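What follows is a single structure, written as structure tokens, with notes after it.
This structure is a prediction, so every number in the text was calculated from the model and none was measured. Both ligands and their constituent atoms are indexed starting at 1 by order of listing.
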Amino acid sequence: MYNAIISGTGRYSPERVLTNADFERMVDTSDEWIVSRTGIRERHVLNGSGGFGNSDMATSAARIALDDAKLAPTDLEAIIIATVTPDYRVPSTATIVQTKLGAGRSAVMDLVAACAGFIYGLSVARAFIVSGMYRNVLVVGVEHLTSITNYEDRNTCVLFGDGAGAVVVSRGADGDNGRGILSTFLSGDGQYKDLLHIPLGGSRDPLTAETVNSPGRFLYMDGREIFKLAVREMADAAERVLADAGMTSDQVDMVIPHQANLRIIDALTKRLQIDPNHVYVNIERYGNTSSASVPIALDEARRTGVVRDGSTILSVAFGGGLTWGAALYRL
Ligand code: UT7
């Protein structure tokens, strides 16, 4: 068994920003409603279709993470891209990122676990490292959510942003001083699949000439139901990884949760009895970027000195599927 450490992090956010004032001009909403119900003030978004896309955001974040880890792209033996908005249905975004990075002939795969995608990817990378199969694995959470957002639906359009966050997971060396991914927990429940889904455009119900402009091609979400389940299951997942590592929540330096809703984060913080000063929140500037939210927040927290080498971090996420999970790690 080998130790899996996070050896580098990086992030990318598009320059263009949509503010709550922009949404007041687009749908029947208000800055007051968005801030009080979600905590979001602005989100970074890509400019329309074509041009710079999902794989480009992932590649930008990955280059920074590789530099941080002092590794070359050819050192990567596997690339895992967690996304629900791949460039194409075939081939995987991972294959495109591999070529853009110049990462040789690494294993390449996309992983679909919605907002929990990064935690799933981190867990899979850890298993590759711990088993001795690989020494360096790239995990990117990347989403072009605005490409599947209905800008006529006020229930969802104000929530989502685009971006990418990347980590390199590497085999640790002797003398890592307790660094590493200490525990992960993954779960899901498909009976709730309709709470967050895109009804049309898959192989079961392909788009037709009649449906090509229908709202069914965009993301639908029953936010109220998800809210209740999210708090309960994220708290449970967090408690499981803490128990697995033989630790308690007061030993966590920083919780870096999925950024879907400030009220969900606050409820989770209360339930875990964690000091709010030990919870990293950046939702006001990014909105919900699904699988990208945790690695974007992790990279931002590292580069602003909020967490540093030796910090113990708990990340939890919850999303469509439903899927959820937690990871406990020391930088
Ligand atoms: O990231 C992956 C998983 N997703 C989540 O974790 C999201 C979880 N859910 C949430 O974050 C929240 O449920 C939302 C932010 C999506 C919605 O907040 P809510 O407090 O649950 O609102 P609601 O859906 O219960 O709607 C309350 C009211 C409704 O009006 P009526 O029916 O009471 O008259 C909505 O139509 O708020 C209305 N509403 C809005 N009003 C102004 C919904 N969206 C808006 C809006 N502006 N943008």
Do the ring planes of Y134 and F128 sit parallel (below 30°), tilted (30 to 60°) or perpendicular (above 60°)?
->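 Aromatic pair Y134/F128 classed perpendicular.
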Indicate whether the side chain of T38 and that of N261 have a donor and an acceptor atom separated by less than 3.5 Å.
->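 There is no such pair between these side chains.
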Which protein residues have a heavy atom under 4.0 Å from ligand 1?
->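 Answer by chain and number: D28, T29, W33, R37, T38, C115, R154, N155, V158, L159, L196, M221, G223, R224, I226, F227, H258, A260, N261, R263, I264, N288, F318, G319.
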Is the cationic atom of R43 (NZ for Lys, CZ for Arg) positioned less than 6.0 Å from the six-membered ring centroid of Y286 and within 45 degrees of its normal?
->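 Here R43 fails the 6.0 Å and 45° test against Y286.
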Using the side chain to side chain contact (heavy atoms under 4.5 Å, CB included) rule, pick out the option among L138, I79, T99 that qualifies with V108.
->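 Among L138, I79, T99, the one that satisfies the side chain to side chain contact (heavy atoms under 4.5 Å, CB included) with V108 is I79.
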Between Q259 (side chain) and Y280 (backbone), is there a donor-acceptor pair under 3.5 Å?
->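 At least one qualifying donor-acceptor pair exists.
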Taking the side chain as C-beta and beyond, is there a heavy-atom pair between C115 and N288 under 4.5 Å?
->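 Yes, close enough: below the 4.5 Å cut-off.
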